[in-house]
Amino acid sequence: MAKEVLSEKRFTHSLNVAKAAQELAEFNHCDIEKAYIAGLLHDITKELPIEEQLKLLQIGNIELTEAEKASPALWHSTTAAVYAKENLGIEDEDILNAIRYHTSGRAGMSTLEKVIYLADSISEERHYHDVDEVRAAAKRNLNEGVMRKLKFAINALTAKDRPICSNTIDAYNELILKQNNERTK
Ligand SMILES: [Fe+2]
Ligand SMILES: [Fe+2]
């Protein structure tokens, strides 16, 4: 079904994310099948027109924060979770949350959520300059990989004077506090 609603490029990305998610799930003792499903569906609404996305937000009864309203690039994650639930009958909360928070992250992410958050950045077709290092970090330690991506996202947003969604800040605070506490033990 992903093939029917996505362009070839986006479908290839989704397949690659699903594969990367499976691999990360295996390394991190997480459900491989759930990782594949969440990976395949994470961007399922990315190419829907804005009106359709708004409709899905309504169906899901989702109230966006001001920062989220100002960042339409985030909407597809939330609407993809609604779409997966309403149109594809996915009921597993962990899969739905992994889809919903794949762009912003959030505090208290499950292993599956972290797997999808990272798999989206290390899929086979990604070619940014330190992608191999991020791939290695993600496989070495899931939290280390998540922290790298959060820092990268926060830096990129502040560099462009863009708002940062509170979920991203909460995710960063949670991990940095954990990391600092571990260092002072
Ligand atoms: Fe996405
Ligand atoms: Fe993606």
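Computed from a predicted model, the values in this text were never measured in an experiment. Order of appearance sets the numbers: ligands from 1, and atoms from 1 within every ligand.
- For residue H102, no N/O/S atom approaches the Fe ion (ligand 2) to within less than 2.8 Å.
- Rounding to the nearest 0.5 Å places OG of S166 at 11.5 Å from CD of E66.
- Distance alone, capped at 3.5 Å, places no donor-acceptor pair between the S71 side chain and the L74 backbone.
- Because the distance cut-off is set at 2.8 Å, H42 fails to qualify as a neighbour of the Fe ion (ligand 1), as none of its N, O or S atoms comes that close.
- The cationic group of K149 lies under 6.0 Å from the six-membered ring centre of Y117 and within 45° of the ring axis, placing it in a cation-pi geometry.
- Of all N/O/S atoms in D43, OD1 sits nearest the Fe ion (ligand 1).
- Put simply, D120 stays out of reach of the Fe ion (ligand 1), with no N, O or S atom under 2.8 Å from it.
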Side chain to side chain donor-acceptor pair (under 3.5 Å) between H13 and E125: does it pass, once the steps are laid out? CA-CA 7 Å; H13 165 69; E125 82 295 345; 2.6 Å; yes
